[in-house]
Amino acid sequence: MTPRVLYRTLAIAEAITWTLLIAGMLLKYVAKVGDWPVLVAGSVHGLVFISYAVASVLVGVNQRWRIPVIVVAVASAIVPYATIPFDLWADRTGRLDGRWRTTPTDDPRDHTAIGRLFRWMLNHVPVLAVTLVVLIAAIMGTLLMIGPPKLS
């Protein structure tokens with residue numbers, strides 16, 4: 001799977017889960033069917049949101065995006081459906097071109113400790129996958145323990 005495919009898949013999934021969350025809110029507040037639609041759709045949306053944010057960082061580092069671009073990529077998930085235009089812009093401007101950087105290049109960033117660790121993880125996909133699943137689960141679990149914001 002290329003960076004483009006991973007990023008596009010999660011950008012679309014994030015937009016779809018926005019639709020589910022909005023539909024859940026309509027069911028809860030308009031149709032008055034209870035809290036369960038928002039609980040279910042919100043949980044799915046939260047999981048995909050976190051996955052998209054993690055993928056934005058992973059793809060951004062691989063593609064050597066500047067930090068502000070990575071921040072905008074993550075922030076695009078906060079606005080409903082904004083991941084799609086960001087993905088299209090990133091693709092159109094060549095920011096999703098190329099494969100995973102599994103071998104070093106002449107770029108000095110490839111010869112740093114972070115560059116070597118990044119390549120090692122990309123070359124050991126099971127380790128990378130488990131690390132990402134644990135990271136996403138830890139973030140999701142922490143947010144669930146904190147709970148929703150308390151309105152005054």
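Just the heavy atoms: all of them, side chains too, but no hydrogens, waters or symmetry mates, feed the values below. Numbers here simply count residues along the sequence, with the first being 1.
With contacts defined as side-chain heavy-atom distances shorter than 4.5 Å, the pair Trp120/Asn123 does not qualify. Within the 4.5 Å cutoff, no side-chain heavy atoms of Arg119 are placed close to those of Thr102. When side chains are defined from C-beta on, Val125 does not count as touching Trp100, because their heavy atoms never get closer than 4.5 Å. Side-chain contact check for Phe49 versus Ile139: every heavy-atom pair is 4.5 Å or farther apart.
Taking the six-membered ring for Trp and the full ring otherwise, Tyr7 and Trp89 have centroids separated by 6.0 Å or more.
Under the side-chain contact (heavy atoms from CB on, under 4.5 Å) criterion, Leu27 pairs with Ala31, Val33, Pro37, sequence neighbours left out.
Residues Val5 and Tyr52 fall within the same hydrophobic cluster, defined by Ile, Leu, Val, Met, Phe, Trp and Tyr side chains chained together at heavy-atom separations under 4.5 Å. Each of Ile12 and Leu47 belongs to its own hydrophobic cluster when Ile, Leu, Val, Met, Phe, Trp and Tyr are linked at side-chain heavy-atom distances under 4.5 angstrom. By the criterion of side-chain heavy atoms lying less than 4.5 angstrom apart, applied directly or through intervening Ile, Leu, Val, Met, Phe, Trp or Tyr residues, Ile67 is not grouped with Ile114; the two fall into different hydrophobic clusters. Note on Val57: it clusters hydrophobically with Leu143, by side-chain heavy-atom contacts below 4.5 Å among ILVMFWY residues.
Under the 3.5 Å distance criterion, the side-chain polar atoms of Asn62 are matched with a main-chain donor or acceptor of Arg99. No donor-acceptor distance shorter than 3.5 angstrom exists from the side chain of Trp65 to the backbone of Ser56, with no hydrogens or angles considered. With Gln63 contributing its side chain and Asp97 its backbone, the two residues share a donor-acceptor pair below 3.5 Å. Judged purely by atom type and a 3.5 angstrom limit, Thr17 has no side-chain atom pairing as donor or acceptor with the backbone of Leu20. Side-chain atoms of Arg95 do not come within 3.5 Å of backbone N or O of Asp91 as any donor-acceptor pair. Looking at His111, its side chain does come within 3.5 Å of a backbone N or O of Thr105 through a donor-acceptor pair.
The environment of Leu117 atom CG is dense: over 12 non-hydrogen atoms of other residues, nucleotides or ligands sit within 6.0 angstrom.
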Would Asp107 and Arg64 satisfy salt bridge (charged side-chain N to carboxylate O under 4.0 Å, His left out), going step by step from the backbone distance to the final call? CA-CA 10 Å; Asp107 191 301; Arg64 295 191 174 112; 3.5 Å; yes
Worksheet entry | Derivation and outcome, side-chain contact (heavy atoms from CB on, under 4.5 Å), residues Ile22 and Tyr81 | CA-CA 11 Å; Ile22 292 167; Tyr81 308 108; 3.9 Å; yes
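For the pair Asp110 and Arg116, the salt-bridge criterion is not met [side-chain N within less than 4.0 Å of a carboxylate O].
The line from CG of Leu122 to OG1 of Thr103 is 10.5 Å long, rounded to the nearest 0.5 Å.
A pairwise comparison of heavy atoms in Gly98 and Thr2 identifies O-CB, 4.4 Å as the closest pair.
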